[in-house]
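Read the structure below first, then the notes.
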Amino acid sequence: MYRKRNWTRFCRLMVLAAAVLLVAGTWAQGHELLIHFLDVGQGDSILIQTPAGANILVDAGDTKAGKQVVTPYLKRLGIKSLDMVVITHPHFDHIGGLIPVLETFPVGQVLADGQIHTSRTYENLLILIDQKGIPFRLARAGNKLEIPGLDEFLVLSPQEPLLKGLNNNSVVLALTYGKTRVLLTGDIEAEAELRILEGDLPIEANILKVAHHGSRTSSTLAFLEAVGPEAAVISAGADNNYGHPHSETLANLKAAGSRVFQTSLVGTIIVVSDGCSYRVVIDD
Ligand SMILES: [Zn+2]
């Protein structure tokens with residue numbers, strides 16, 4: 001079983017080991033958390049690989065991206081199965097690609113918002129999950145899941161009663177590995193941000209997946225200042241029809257002191273953490 005560490009002590013020891021033996025880099029390999037923000041055009045798809053070998057996929061872009069980007073990417077990494085798939089909310093740019101993914105890889109469980117939506121794609125996805133007998137779990141604020149290799153996997157949203165609009169009830173996750181904390185926000189908008197701010201769950205994070213592709217309807221300055229991200233990732237398509245990311249969002253991120261990385265500008269973005277520090281890698 002994966003044992004949780006005293007991270008402050010561990011990180012001090014790692015610095016010492018690096019200084020004395022210069023072996024920390026070699027040792028760290030295989031003990032890293034990787035978060036891949038895949039370049040799926042206008043949409044979201046995030047792969048989490050924990051240091052204990054668990055693979056979790058959060059959304060998979062639209063159907064075309066699922067076939068042409070996400071499935072080949074997972075295969076290229078040698079992934080044979082997914083421990084968990086997270087459906088943040090039922091919009092096409094998040095779930096379309098999950099159908100080819102579920103047709104290709106065995107999945108241990110699905111964690112989802114569970115909203116009602118009658119699009120053909122969403123219905124087909126739910127039918128596929130049912131046909132494959134994949135355990136389906138609702139995500140609600142305060143849920144903590146045990147994920148091998150992570151110190152914490154916490155659901156921050158949605159919360160009952162649900163808000164109006166599919167976006168606002170997106171699954172929001174906070175992952176902790178040592179001193180690295182990552183916040184994944186789906187497509188929540190200002191209403192959900194306010195509700196999370198008013199709740200008593202911890203929202204500070206080093207790394208933020210910016211909500212709703214950088215739309216101005218999200219990323220209020222109050223929310224960004226409370227999260228305090230050093231690095232922010234925006235997943236959006238180049239020259240998309242919505243004008244994402246909006247200039248107001250970029251201004252708020254700048255005001256909050258965050259460095260911004262955009263899939264539309266640099267492609268797939270990978271955050272690598274050894275629990276003590278992290279780095280942002282561009283996949284080319
Ligand atoms: Zn979206």
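Values below: every heavy atom of this structure, side chains too, minus hydrogens, waters and symmetry copies. Ligands are counted one by one from 1 in listed order, and the atoms in each one are counted from 1 as well.
Evaluation of the salt bridge (charged side-chain N to carboxylate O under 4.0 Å, His left out) rule for E248 yields R216 as partners, not counting sequence neighbours. Shown here are the side-chain contact (heavy atoms from CB on, under 4.5 Å) partners of E103, two or more places apart in sequence or in another chain: I99, L128. In terms of the side-chain contact (heavy atoms from CB on, under 4.5 Å) criterion, residue partners of D93 (sequence neighbours excluded) are, by chain and number, H91, D187, H213.
Taking distances strictly below 2.8 Å, the protein N/O/S atoms close to the Zn ion (ligand 1) are D93 OD2, H94 NE2, D187 OD2, H213 NE2.
Within 6.0 Å of CZ on F136 lie more than 12 heavy atoms contributed by other residues, nucleotides or ligands.
Between the side chains of T217 and S215, a donor-acceptor pair is found at a separation under 3.5 Å. Side-chain contact of E230 with Y278: a donor-acceptor pair under 3.5 Å is present, judged by distance alone.
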